[in-house]
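Accompanying notes for the structure given below.
Numbers restart at 1 for each chain; the letters A, B, ... are given by sequence-line order, proteins then strands.
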Amino acid sequence: MARPVTDGWLLARALRTPGNTLALDPAGWAALIATARAEQMIGTLAYRLEGLRVPQAVARLLADARASAAQGRVVALWEAEAARRAMAPIGVPVVLLKGTAFVAADLKAGQGRSIGDLDILVPRDRIDAVEAALISAGWEWVKPDPYDDDYYRRWMHELPPLIHRERDRMIDVHHTILPLTARITPDAAGLLAWSVEVEPGVRILSRNDMLVHAAAHLFADGDLAGGMRNLWDVYCLVDQFGTNGLAERAAHHGLGREVARALRLSAALYGQGARLNPADHLYLRRLTARDGWGRATRPFTRLGFYVRSHWLRMPPAMLVRHLWTKWRGGHRGDIV
Amino acid sequence: MRHVFSVRIGPIGFRIGSDWRAPIAQMESLYTDYPGPHDGVPDFNVRLFAARPWRRVIRPSVMIGGDFVLPEAAPLPLAQGLLAAEMGMNLQMALGQRRYLLLHASVVERDGRALVMTGMSGAGKSTLAALLGTRGWRLMGDEFALLDPATGLIHAFPRLISLKNAAIGVAEAAVPDGVFGPLLPGTPKGDIRHLVPNAAAIAGMDRAADPALILFPRFGFEAAERYVAPSEVFVRLTQASTNYVAMGERGFDALTRLVTTVPARAIDYPDTDRALAQVEALWRDL
Amino acid sequence: MSDESQEVMPQDGVNRRRALMLGAVGATAIVSIRPALAQTAASVVTCEIPVPDPGRAGSYIAADGSLVPSGTAGAFAPPGKPYKGDAVKVALNGGQLPGTSYEQNRAYTNYIRRLQSGTSGFTCFASLQMPRG
Amino acid sequence: MARAESLRIVHLDSFTAVYHRSSGITHLITAPAPEILATLGEAGMTFAALTERLATDYDLGDLDADALAARLDELVASGLVSAA
């Protein structure tokens with residue numbers, strides 16, 4: 001390397017070619033670990049580097065991260081099981097999304113992955129029944145703010161978040177994978193119809209739909225926060241299952257462009273590389289905006305993507321109203 | 001970051017970065033006899049930074065960041081930058097430590113055996129540990145006991161001793177040759193002054209010890225002591241641990257082993273002299 | 001493992017049959033340990049814990065915190081009024097509930113530790129198990 | 001039919017600490033819960049068999065089936081016992 005890498009590429013290269021980390025000096029290791037923690041990928045890195053002859057201090061730290069991820073997996077699967085038990089009486093299976101789905105099905109993308117909330121997908125016409133079943137099983141509303149609540153119910157693709165009163169864990173109940181205000185409307189019924197059972201009452205999306213969801217979440221919804229991790233998911237899913245039929249499925253959901261971009265960017269970061277267009281480079285600049293202390297960098301690029309994420313989600317007049325309400329409420333959003 | 005200081009406290013390495021020189025200079029001076037992180041790689045990072053670039057110079061206030069952060073943590077004035085650094089290090093341990101079961105406790109050692117003192121803030125566990133450290137005991141730490149699930153041993157974590165309010169005068173009188181940090185008046189926790197652990201504590205910080213007695217001291221009452229049942233010790237220590245649940249089965253095994261093999265007593269004490277005598281008597285009777 | 005394991009787990013045919021109380025419907029035998037740092041900030045000062053649950057008013061509280069018929073030897077009459085959250089917090093951390101003897105305090109705090117979801121005061125108890133300053 | 005889940009059980013005093021492997025949650029339980037868990041075992045048994053077995057091993061006084069059912073329900077609610 002001509003000059004030391006000082007952004008998210010340090011992490012991307014370590015994941016792509018673990019053996020190269022053996023050339024790192026102590027400062028390089030410190031930067032890699034801080035970056036991986038900030039991107040919530042320390043568990044992923046720890047599994048990826050397992051067995052390498054890294055310095056002892058690093059080996060200990062990575063062993064801790066693996067133990068922590070293993071415990072996170074237990075807790076995530078138990079939340080899924082709790083939701084299954086709560087929803088069994090109303091006959092709605094739990095369709096797991098994102099991290100919990102990966103660990104439930106033992107996918108490569110789930111190895112060491114940090115998992116926050118439990119995300120599930122349910123049929124839109126059963127959402128009231130699901131809400132009632134969860135509340136009777138001990139989940140409670142998180143947000144008392146009436147604007148937020150109203151906003152969720154009218155415009156979002158999910159219920160306002162619920163938290164379990166004894167276990168302190170959140171559940172996000174989705175009825176589709178993009179906000180209703182977004183300009184793209186994926187086939188939510190099709191997602192459910194093509195889902196596959198991993199055990200009785202517990203299902204995950206089909207492999208192509210998991211990729212479509214990851215891409216939708218990254219490029220048609222969010223501001224790319226957590227993007228390095230999401231693209232690692234994409235890389236692992238493609239590596240494990242290939243892309244057979246993916247383009248057709250993505251087109252069916254109206255997300256062909258987003259899926260194609262996810263494939264290019266994940267290959268650029270973690271795989272064999274890809275032919276990138278100018279916009280792709282801008283995305284990568286945002287995705288890797290992280291320094292060796294784990295700090296967010298490139299504030300203007302981040303701000304641009306933050307505004308874009310809202311633009312995608314809402315019609316302009318609504319966006320103005322939303323940002324105004326948020327601003328008045330003192331929420332500035334996590335843009336820097 | 002502009003200014004950087006790395007240090008190892010017991011088994012744990014830290015890298016502290018700061019937008020200002022002053023907190024780093026204070027740490028360099030107070031931690032002067034401490035080694036650096038194993039292999040040069042820190043376990044945790046702490047960042048002291050200005051909320052907005054201009055707040056580096058205009059009414060400078062220190063935000064605490066790091067690998068693990070609590071939302072809504074309030075900034076401290078730059079004059080309390082040393083406290084900010086110490087809080088940042090504690091926070092990394094409280095939120096991020098996964099190798100050792102972390103017990104909010106002070107620990108001293110004699111003959112390879114550890115006395116663990118836990119209880120609410122203000123119970124005097126820091127002060128007692130500091131005083132015992134001058135009377136034939138080795139101070140292992142005043143904030144966290146690091147219980148190793150693999151061995152059942154307690155590892156030392158002798159960071160600067162954090163003395164609050166009345167304890168400052170007590171320690172200054174009892175440890176006249178001690179090295180103290182600057183007096184930090186008016187912090188969110190009252191007046192604070194740090195005491196550097198003595199040479200024996202620093203030189204011995206890589207020696208783990210076998211836990212032999214758990215004490216729940218309580219200051220401000222007539223001298224008394226009582227037996228504490230294992231189940232009560234268990235529940236109280238789960239609540240005195242910031243990572244018990246996150247440690248999973250390793251935490252369960254470590255803690256049940258501790259409470260079923262190590263005796264526990266609650267002691268009330270009216271003044272520190274009495275407390276020290278009570279501790280010595282209990283220790284003799286083990 | 002402690003010596004008690006022998007007592008609790010009789011080997012078939014060796015020990016004499018030990019009395020086992022199944023308890024009344026509505027009592028509880030399980031307490032779950034919650035994380036000490038991941039709590040939502042519930043109000044500690046304003047919540048209250050009745051001892052015992054109003055549904056079992058009149059019961060006495062035994063040393064281990066279980067509810068027993070009133071007048072049972074070695075058990076304690078219930079306190080007249082519910083305890084405030086902050087008083088319970090102090091007691092759970094080794095302090096004393098106001099106006100109690102040592103044994104009485106232990107019985108009441110054991111009762112509170114055994115509170116389970118659905119019992120009055122449980123949410124308050126749960127919110128008390130928060131990190132200390 | 002009910003069975004005890006995969007558990008780590010350590011008897012402390014009048015309370016018993018139980019680690020539930022599937023959930024990662026620690027419970028502190030007291031009589032009669034430890035005895036019920038030990039009797040059920042991971043193989044499990046029916047309610048009738050459980051009642052009979054407990055009555056053989058312990059002096060249950062006047063056996064109250066409702067109370068036993070309530071204790072079992074608590075164990076199911078905590079996740080320590082799975083009903084099948």
Atom of B/Thr260, atom of D/His11 and distance for their closest heavy-atom approach =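 Shortest heavy-atom contact: CG2-O, 4.2 Å.
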Could you pull out the closest heavy-atom pair between D/Leu12 and B/Pro230, with the gap in Å?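 Between these two residues, the closest heavy atoms are O-CG, 3.9 Å.
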How many angstroms lie between atom CD1 of D/Ile25 and atom CZ of B/Phe252, to the nearest 0.5 angstrom?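 One gets 13.0 Å once the value is rounded to the nearest 0.5 Å.
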**OP:** Enter the distance from B/Glu249:CD to D/Arg21:CZ here, rounded to the nearest 0.5 Å.
**Re:**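 Answer rounded to 0.5 Å: 4.0 Å.
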Residues in ring pair (Phe, Tyr, Trp, His ring centres under 6.0 Å) with B/Phe234, at least two apart?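 For B/Phe234, no residue satisfies ring pair (Phe, Tyr, Trp, His ring centres under 6.0 Å) once neighbours in sequence are set aside.
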*chain D contact via B/Val235 - side chain, backbone, both or neither, heavy atoms under 4.5 Å*: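 Just the side chain, heavy atoms under 4.5 Å.
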- Near B/Arg274 CZ, under 6.0 Å, is it more than 12 heavy atoms from other residues, nucleotides or ligands?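 No.
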Q) Take atom CD in D/Glu52; do more than 12 heavy atoms of anything else shown fall under 6.0 Å from it? A)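 Result for CD/D/Glu52: open.
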- [ ] Begin with the C-alpha distance, continue with both residues' side-chain angles, and end with the deciding distance and a verdict on side chain to side chain contact (heavy atoms under 4.5 Å, CB included) for D/Tyr19 and B/Thr256.
- [x] CA-CA 10 Å; D/Tyr19 181 79; B/Thr256 50; over 6 Å; no
